[in-house]
Each structure stands twice: as structure tokens, then as C-alpha cells.
Amino acid sequence: MGSPKKNENKGFFAAMTSGFSMFGSAMSRSVNGLQGNEGVEVINPEGGKEDAEEEAQKGRWKDEERDSYWKMMQKYIGSDITSMVTLPVVIFEPMTMLQKMAEIMEYSHLLDQADECEDPYLRLVYASSWAVSVYFAFQRTWKPFNPILGETYEMVNHGGISFISEQVSHHPPMSAGHAENEHFIYDITSKLKTKLLGNSVDVYPVGRTRVTLKKDGVVLDLVPPLTKIHNLIFGRTWVDSPGEMVMTNLTTGDKVVLYFQPCGWFGSGRYEVDGYVYSAAEEPKIMMTGKWNEKMSYQPCDAEGEPLPGTELKEVWHLADVPKNDKFQYTHFAHKINSFDTAPAKLLASDSRIRPDRYALEQGDLSKAGAEKHSLEERQRAEKRTRETKGQKFTPRWFDLTDEITPTPWGDIEVYLYNGKYTEHRETSESSSSASNETDLKSIEFNPWQYGNISTE
């Protein structure tokens, strides 16, 4: 790219401007990395069994379970295990992937600020910081439930947002989401892929994410880094997301490239994020630095990537207070997502909140959660057999499959777009009847199959 020449005497930020291919070596000298390793936890990045006993005491794995699952998982090494392996609820969190998609809305005010911002480069600072902010939630090591085909999640009463997500395909597992308020429109199609590497698994975020800022009609495209889950069975499980995050302004050609530092021995470099906002001519305009579990800051820079004289680092985002000693390491917002406080007045019977296995796990009844999970999976298989026998196909209700196929670093993805029917449904249901209370909502029988469109092939 057309970056300025590298000046070895100007430190990390000058090295960054030498090109995206230099990120790996440059980041080893990052601003945060120069501050030492005070307060970081000791982590063996290669994994291992040294802390297996400590992990077992947390209640996730009993010794006999650990060994049996290791034997079972060995045959899947090198494979995509997104939906091919049945796992016990003891390693699950009481949340589905559709709900987890909504966690990126916790700091949605940053998108509001991006929409209001007149500076095109500072606009990318706000928007990319919003994209970074969700990684604190992504470090949880509990597995979310795979959604049932036709399952949905709705969220209101947060930042003026109306959010809807739907499981649009079962094989391959695909989800689509849409959120909107007075400032922005958010659309995502997600088809996660995984690769089991033995005691770890790589998660590839195959998908297309677009944000439209309403004031100027600016469209932003987001490509996140992959995620690595270490010590899946043996040792203390932990999560890292090394690599590049790229957000591109498709309207102007400006972009921000942030590098998530991989974790080294003794936690060196863990959580660190550094990068630049570039103009369409690939000239650095603003440097960014921070930690995805704490905060992000920015500072205007010159063509060499060095801070402009008379400027200083300014914080753009910091982590909100989180509950202490929470069983599932939830944020306050994660609890809000699970609650009926964010549910619309008339909740769809396909909503994740009323899914019986998820709810049983939330109440601490693992036995019931396991039984309900098995029952739902068996019914899903039965519904599929019935459709195949009748020559029918399932199509989602709230999202339409388009002809667009988007390339990603990990494979192509078919794009689903919100069709507007959910907005019409909400307006009709809320005007025709009174609001339901939490008791009424909890009594709704979970039925994701009633909303999908079934047609003869």
C-alpha cells in the first residue's frame, strides 16, 4: 500500500505505516507492550494439562467425562465441529447464538456518535471502537446453544434499538440479524466455521456485517479476526482473537485496520489492540491503541504515523462495570439480554428467552436442561424428515435470501437481508392488544416452527 517510508527511530506507530504485512513484527513493539507485564495472568499459550485439576473443580468436567470426550473428539481433529458434535449442557451458558449476536449492541451509543460526527476519520474511530467493545463478552468460555431452525431473538428498550435475529439455515448453521434506531442500521449474516485442532479450536467468523449511518448514508463493512479457544478439554479454557480487524467505509474508501495482538507466554501482549485510520489514499490519519477488555484511545497523526504535535491520546471507549464473581462471567448487559425487560410487548413464540433448555440451565437445573435440549434436537430432526417426505422446504420469515455472495478470508457466504416484515408485525401486534407482563411471556410455549414459511419444492 502507499504508506510512508518506515523510520526505525520513530517507534511502533511509524513501523505500522509501512504496510499491513508488517503488522506482526510491528505489534511486538506496541505501546501497551512497552509497559511491561504487570498484573497479567500466567498463561501457557500452547495449552497443556497442568491446571486440569483446578478446571475440574469448577464443575464443568468430571475426570471420567474429560477422558471420554477427549477420546470422542480425537476423531474430529481437523474437522468443522460447528454442529456435528453433541455436547453436554455442563459446558453451556444460558444463552443462544442469536442472543450472543445482540451483545455487540451494548455500546451502540458509539454508532450514534459516529453518525453525528462530521469528521470522516473520527467517525471510523467511533465505529471501530464499537466493533472492538464486544470482545470482552466474546472471551467467555461457556458455549452458547445452537439455535433451532426458525428460532428468533428480539430486543427493545436499549438505546432506542429494535433488534431481531433469526436462524435462517440449519445445515449449514446460519443466522441473520438486523438492528435499527434513529442513527444507524445494522445488518449481519453469520455462518461460523470451526476447525478442531485437538485441545483447541479455531472459530472463523464467516459472515457479512454492514452498518449504515443514516445522517450521510455512509455504509461501513466489517471484517473481524478469527477466534481461538485454547485448552478445550484439558487445562483452563481461555479465548484469544489474534489478527486484523478491518472496517472499510464503502462510500469513501477510507478504512481502519486494527491488529489484535496474540497472547504470548505469561500473558504478554494479551488484549492489546493497535492500528490506524487510513484515508482512501492509504495515508494514516489517526492512530488507535488500547485493550479490548478495557478501553480504546486515539490520537491524530502525521503522514509518518507519528502523533501530531500538540495533540494527546483521548479515550473513546472504556468497559462498563461488570458483575463480580458471576457464574457465567456475564456483563450486566448480558443479563439484560436474557431478561424480559428487553422483550417487546408481544413476544414471538420462537424467542430464545423461552427456549426450555436455556431457561432450565439459567435456573440451575442441569438435568432438565439436558433433557429439554435432547427433546428439541429430536423434534427438529422429526420436522426435517416431515418436510423431506412432503417435498417441502423451509424459508425464514423475517429475512430473505438474496443473490449476493460475499467473499471472506475464510470462504464465501450467501447474504440474507431483513425484509421489513418484523417491523410490520410489531406495529400491528402492539396496536391491537395490551402489553403482556413477564409471567405471561414466560408461559408462552416455545415453538420456532410456526413462523417459518413452508413451501413445496
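Predicted model, so just to flag it, every value in this text is computed and none were measured.
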Could you pull out the closest heavy-atom pair between Pro147 and Arg355, with the gap in Å? CA-NH1, 3.6 Å

Using 0.5 Å steps for rounding, measure from the CH2 atom of Trp410 to the NZ atom of Lys195. 14.5 Å

Please determine whether side-chain contact (heavy atoms from CB on, under 4.5 Å) holds for the pair Tyr298 and Val277, giving the CA-CA distance in whole Å, both sets of side-chain angles, and the decisive distance to 0.1 Å. CA-CA 10 Å; Tyr298 71 96; Val277 177; over 6 Å; no

Start with the C-alpha distance between Tyr418 and Thr423, add both sets of side-chain angles, then the distance that settles side-chain hydrogen bond (donor to acceptor under 3.5 Å, both in side chains), and finish with yes or no. CA-CA 10 Å; Tyr418 176 64; Thr423 302; 2.5 Å; yes

Is a donor on one side and an acceptor on the other found under 3.5 Å between the side chain of Asn157 and the backbone of Asp341? yes

Only one of Phe340, Phe328, Tyr330 forms a ring pair (Phe, Tyr, Trp, His ring centres under 6.0 Å) with His335, so which one is it? Tyr330

Will you find, in the side chains of Thr189 and Glu414, an N or O donor that is under 3.5 Å from an N or O acceptor? no

Taking Glu154's backbone N and O only, do any of them form a donor-acceptor pair with Asp351's side chain (distance below 3.5 Å, no angle check)? yes

Contacts of Glu103 that satisfy salt bridge (Lys or Arg N to Asp or Glu O under 4.0 Å) - sequence neighbours left out: Lys100, Arg140

I'd like to know whether NZ of Lys214 has more than 12 heavy-atom contacts from other residues, nucleotides or ligands below 6.0 angstrom. yes

side-chain hydrogen bond (donor to acceptor under 3.5 Å, both in side chains) between Thr141 and Thr237, intermediate numbers included: CA-CA 6 Å; Thr141 58; Thr237 308; 5.4 Å; no

Could you check whether the rings of Tyr186 and Trp130 sit parallel, tilted or perpendicular, using 30° and 60° as the cut-offs? perpendicular

Please check: side-chain N/O of Arg210 versus main-chain N/O of Asp221, any donor-acceptor pairing under 3.5 Å? no

Report the relative orientation of the aromatic rings in His230 and Trp238; use parallel for angles under 30°, tilted for 30 to 60°, perpendicular for over 60°. parallel

Side chains of Tyr153 and Arg353 in contact at under 4.5 Å (non-hydrogen atoms): yes

Qualifying residue, where the test is side-chain hydrogen bond (donor to acceptor under 3.5 Å, both in side chains) with Asp115 and the options are His183, Lys215, Arg123: His183

Using 0.5 Å steps for rounding, measure from the OG1 atom of Thr402 to the OH atom of Tyr416. 9.0 Å

Would you compute the distance between atom CD1 of Ile148 and atom NZ of Lys373 and round it to the nearest 0.5 angstrom? 9.0 Å

Derivation of the ring pair (Phe, Tyr, Trp, His ring centres under 6.0 Å) call for Tyr359 and Phe446: CA-CA 11 Å; Tyr359 185 70; Phe446 180 68; over 10 Å; no

Check whether the ring centres of Tyr271 and Trp292 lie less than 6.0 Å apart, and answer yes or no. yes

Run the numbers on Val223 and Thr408 for side-chain contact (heavy atoms from CB on, under 4.5 Å), then give the verdict. CA-CA 8 Å; Val223 179; Thr408 79; 5.9 Å; no

Is there a side-chain contact between Glu93 and Pro144 (heavy atoms, below 4.5 Å)? yes

Is the count of non-hydrogen atoms from other residues, nucleotides or ligands lying under 6.0 Å from His332 atom NE2 greater than 12? yes

Please determine if Lys336 and Glu106 form a salt bridge, counting it only when a charged side-chain N lies under 4.0 Å from a carboxylate O. no

Check: Val273 and Met288 side chains under 4.5 Å, non-hydrogen atoms: no

Rounded to the nearest 0.5 Å, what's the gap from CZ on Arg270 to OG on Ser241? Could you check? 9.5 Å

Taking C-beta and beyond as the side chain, do Ile337 and Met105 meet within less than 4.5 Å on heavy atoms? no

Under 3.5 Å, side chain of Ser129 to main-chain N/O of Val125, donor-acceptor pair present? yes

Pair Glu378 + Arg381, salt bridge at N-O below 4.0 Å: yes

